[in-house]
Amino acid sequence: MSIASVFDVALVALILTIGASAILVRTAFAAVVMFVVYGLLLSMAWVRLHAVDVALTEAAIGGGMTGLLLLGAVARSRSVNVDSVRVGYPLRLAAGALCALVAAGLAVAIFYPPAPVPTLAPMVMENLPPSGLGNPVAGVLFVFRALDTLLEKVVLLLALLGVWSLAPDHAWGGTPGLQVYARPDPTLIFLAQLLPPVGIVFGIYMCWVGAKDPGGAFQGGTVLAAMWLLVIVAGLQKAPAIGRLWLRVLLVTGPVLFLAIGLAGWVFADAFLAYPAGYAKPLIVAVEAALTLSIAVALGMLAAGPPVRAQQQ
Amino acid sequence: MPAATALEATTADGALLVRAIILPVVGILLSFVLGGRYAERIAAFLLPAGLCVACIVFLKIWQSETSLSYIVGNWKPPLGITLRADGLSVAMMVAMAIVICLIGVFAHANFDSRVASVETRAPMVFWVMLMAISGAMNMIFFGGDLFTLYVALELLTFAAVPLVCLDGRAETLQAALRYLLFALLGSILYLVGTALLYGSYGTLDIVLMSQRVQIEPATLAAATLMTVGLFAKTALFPLHLWLPPAHAGAPAAASAVLSAVVVKGSFFLVVRLWFDAMPGLLSVAASQFIGVLGASAIICGNIVALRQKRLKLLIAYSTVAQIGYLFLMFPLAADPLHLQYGDVLTGGMLQAISHATAKAAMFMAAGLVYAALGHDQISELGGIARALPMTMFAFGLGGLCLIGLPPTGGFLAKWLLLEATIATEQWWWAIVIVAGGLLTSAYVFIVLSRAMGPPSAPLILRAAVPKYQEVAALGLALLSVLLGLVALGPIDVLQVGRPEAPMAWLR
């Protein structure tokens, strides 16, 4: 057994253990911590499967952002002092049965694969050069299936508006309260001063490199959002009021540019969301840059939650 | 769906399909920047524009009797995405666009964003989400790709859930959360199935899929997961638990759009999946099982509706029952011996459309009753028919459509389904259809007789009801009645793009 396979077996065992303990632990807080660890381990598994793009996304969104949102939910439910609700056995059984059903479906698919596994990967690689991109994932997201990518960004905006809609009427347009996450203390403030310069450079790099290598707008945007949140939670900067014009403009910049370039394709190329020959790469990099900003702001505001205080005039 | 050949290309006027999807997106982005005070004005411009596009697409397809398609970015499937509009999609698109526009008229009274000097919460959220729902529905009708359809489902979910808890009461928040959990569960099951199908066939395009698909374990597992997920989103019995509190607790305009429009999106995807992506794959046993779920929904939903004390809850449970009829399509159309396909599909789609118009009218009427009385207890409705005659007339007409009395659209839909039960010798479904109609008439008449009875105490109206709201409700109710007349004309459009011969009995 080579070292690599020992590592793989150990990794799988660890993932299973952490996954089980995320279900078995008693408190919500512990479960969320387990969930975050689980996400990080999964991203290592994706690296082992040579799916670095998936690994980055899993670490950034699956472990990081989702973990943060869940921690916020735990903290909020504590602050309003909800009596811990015991989940009844029928519900547990139903959840277990459903999970078993999904697992069985996946098992069937994995144990009986079609003889030659069909894939579009060669076709993607063959058609990638005209766009000038080096990363096939970016090619799928911004060239072949650009419509899906564009509309997913609209979904993100709707999700944000959905979170905002939970605000009390008088606080609409005001600022979110982030105190649920942590009380500012010296260590946190120190970290919030130390990490962002590095993080911001890293986030921009992830976006820039996404055209050629693993990375891209979503991963880069998540890193930027994390840095922004760190500064806000540490109390060095206030969360913006949701009614601010600059905030709204930043939120839609990415989708608007994407849509505008898509519509321009009608005139300058031959179809909606087609790029004129020779200009594909610069246009895509521009869209990715704008999307990175929009995603960073949207994710940051999602984690910040609904506004709680009216805006001070 | 048309047979895809290597030559499939963007058809003339195919760009209309892109327009139908992009218009609402532009509206959403504009509303974010200009702010909620302009959201209603933007919607007031874009929703009718969407209706115009829908009508043009409808006329083109009706006249040319061929489908439209548009290849996005000029990348053909399997690499790229194709948008396709066939008879089913345009019929649903026009119907939903009309319903959404009339709901917009009705909602002006409750979500007027122009009165306030600053952006306010409910109008901003309502109008943006209404535009999002119209865009998502168009995408569901045109999407020719299973993953694009997933994105459309997500758009629909994230637009629909916040509408449930717009008024912010604790119980509506709880209902919204439950809806969100069911809907996300449905999304994830659909997504897993999509991934499995891609793994098996190397394409997500519906037409390519239909040419490659065959019965094998992975495909059946994928199809099951996707179908269960879509059932949860459509609130098919027994996955309907989220629907009554969510639809009954929302503001009237939101209830109307949720009950009339949103549940039809995931239903449409079930139809696409089994009739277009995997034609002929549904086994007799599985189709009978879906039929049993539909029949249980009809019986249980109607009986529970009969026992309700509040009008909005009654209407919500009646939605659960009416959704059941939609799924009777499957055992009736999947019978291998008597391929009746066309008529049954037409019946199912007509049921979806007539329910949309009738139910939107009934929820609007209930909302007006609530606004006038300050409650919606059925036992204390006495005198309301005298105070709000037009509203109760709209409610009654909608009720007639749900029962299935001629000449309503509900009659035509149920008639087509009944005919199919006889033609395919599956009499047991006929019993369910007739029993469902009887139960429905029971609760419609209970409400109407209460409303026409004398008030127990002198009736004091708490608020005057704007005339245009009553007119919007009545307009939808009249539409649901007149829908029966489509049998004389444009009903053929539903068959465009289907290989089967058009309906013989109407000729």
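Chain A is the first sequence line, chain B the second, and so forth, proteins listed ahead of strands; every chain is numbered from 1.
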query = Does NZ or CZ of B:Arg19 lie under 6.0 Å from the centre of the six-membered ring of A:Trp266, at an angle within 45° of the ring axis?
reply = yes
key: Residue among A:Thr119, A:Val108, A:Leu98 with most heavy-atom pairs under 4.5 Å to chain B   = A:Val108
query = Between A:Asn127, A:Leu166, A:Val140, which residue shows the highest count of heavy-atom pairs closer than 4.5 Å to chain B?
reply = A:Asn127
Please report the interatomic distance [atom1]([X]) to [atom2]([Y]), rounded to the nearest 0.5 Å.
{"X": "B:Leu225", "Y": "A:Leu106", "atom1": "CG", "atom2": "CG", "answer": "7.0 Å"}
{"X": "A:Leu158", "Y": "B:Thr157", "atom1": "CG", "atom2": "OG1", "answer": "10.5 Å"}
{"X": "B:Ile22", "Y": "A:Leu151", "atom1": "CD1", "atom2": "CG", "answer": "6.5 Å"}
{"X": "B:Leu204", "Y": "A:Leu120", "atom1": "CG", "atom2": "CG", "answer": "7.5 Å"}
{"X": "A:Leu101", "Y": "B:Thr224", "atom1": "CG", "atom2": "OG1", "answer": "7.5 Å"}

Does the side chain of [X] reach to within under 4.5 Å of the side chain of [Y], using non-hydrogen atoms?
{"X": "B:Leu29", "Y": "A:Leu157", "result": "yes"}
{"X": "A:Leu161", "Y": "B:Pro162", "result": "no"}
{"X": "B:Tyr150", "Y": "A:Asp148", "result": "no"}

Which atom names give the shortest non-hydrogen contact between [X] and [Y], and what distance separates them?
{"X": "A:Ala271", "Y": "B:Asn74", "answer": "CB-N, 3.8 Å"}
{"X": "B:Val151", "Y": "A:Val155", "answer": "O-CG2, 4.3 Å"}
{"X": "A:Pro118", "Y": "B:Gly199", "answer": "CD-O, 3.4 Å"}
{"X": "B:Leu79", "Y": "A:Met123", "answer": "CD2-O, 4.0 Å"}

[X] versus chain A, heavy atoms under 4.5 Å apart: side chain, backbone, both or neither?
{"X": "B:Val192", "result": "side chain"}
{"X": "B:Val25", "result": "side chain"}
{"X": "B:Leu189", "result": "side chain"}

task = Using non-hydrogen atoms and a 4.5 Å limit, figure out which bit of A:Ile110 sits close to chain B: side chain, backbone, both or neither.
result = neither
request  = Would you mind checking which part of A:Val163 comes under 4.5 Å of any heavy atom in chain B, side chain (CB onward), backbone (N, CA, C, O), both or neither?
outcome  = neither
Heavy-atom pairs under 4.5 Å with chain A are the metric here; pick the option from [options] that has the most.
{"options": "B:Leu34, B:Leu185, B:Leu173, B:Asp145", "result": "B:Asp145"}
{"options": "B:Met129, B:Glu119, B:Arg121", "result": "B:Arg121"}
{"options": "B:Ala152, B:Gly168, B:Ala122, B:Pro78", "result": "B:Pro78"}
{"options": "B:Val33, B:Leu163, B:Leu155", "result": "B:Leu155"}
{"options": "B:Tyr201, B:Phe158, B:Phe32", "result": "B:Phe32"}
{"options": "B:Thr219, B:Thr120, B:Leu83, B:Thr203", "result": "B:Thr120"}

inquiry  = At under 4.5 Å between heavy atoms, what parts of residues 131-138 of chain B are in contact with chain A? List them by residue number.
reply    = B:Ala132
inquiry  = Tell me which pairs pass ring-ring contact (aromatic ring centres under 6.0 Å, His included) where either residue lies in residues 143-166 of chain A, with sequence neighbours left out.
reply    = A:Phe144-B:Trp75
message = Is it the case that the side chain of B:Tyr70 and the backbone of A:Phe272 share a donor-acceptor pair, with hydrogens and angles ignored and the cut-off at 3.5 Å?
response = yes
message = Please check if the number of heavy atoms outside B:Gln174 that lie under 6.0 Å from its CD is greater than 12.
response = no
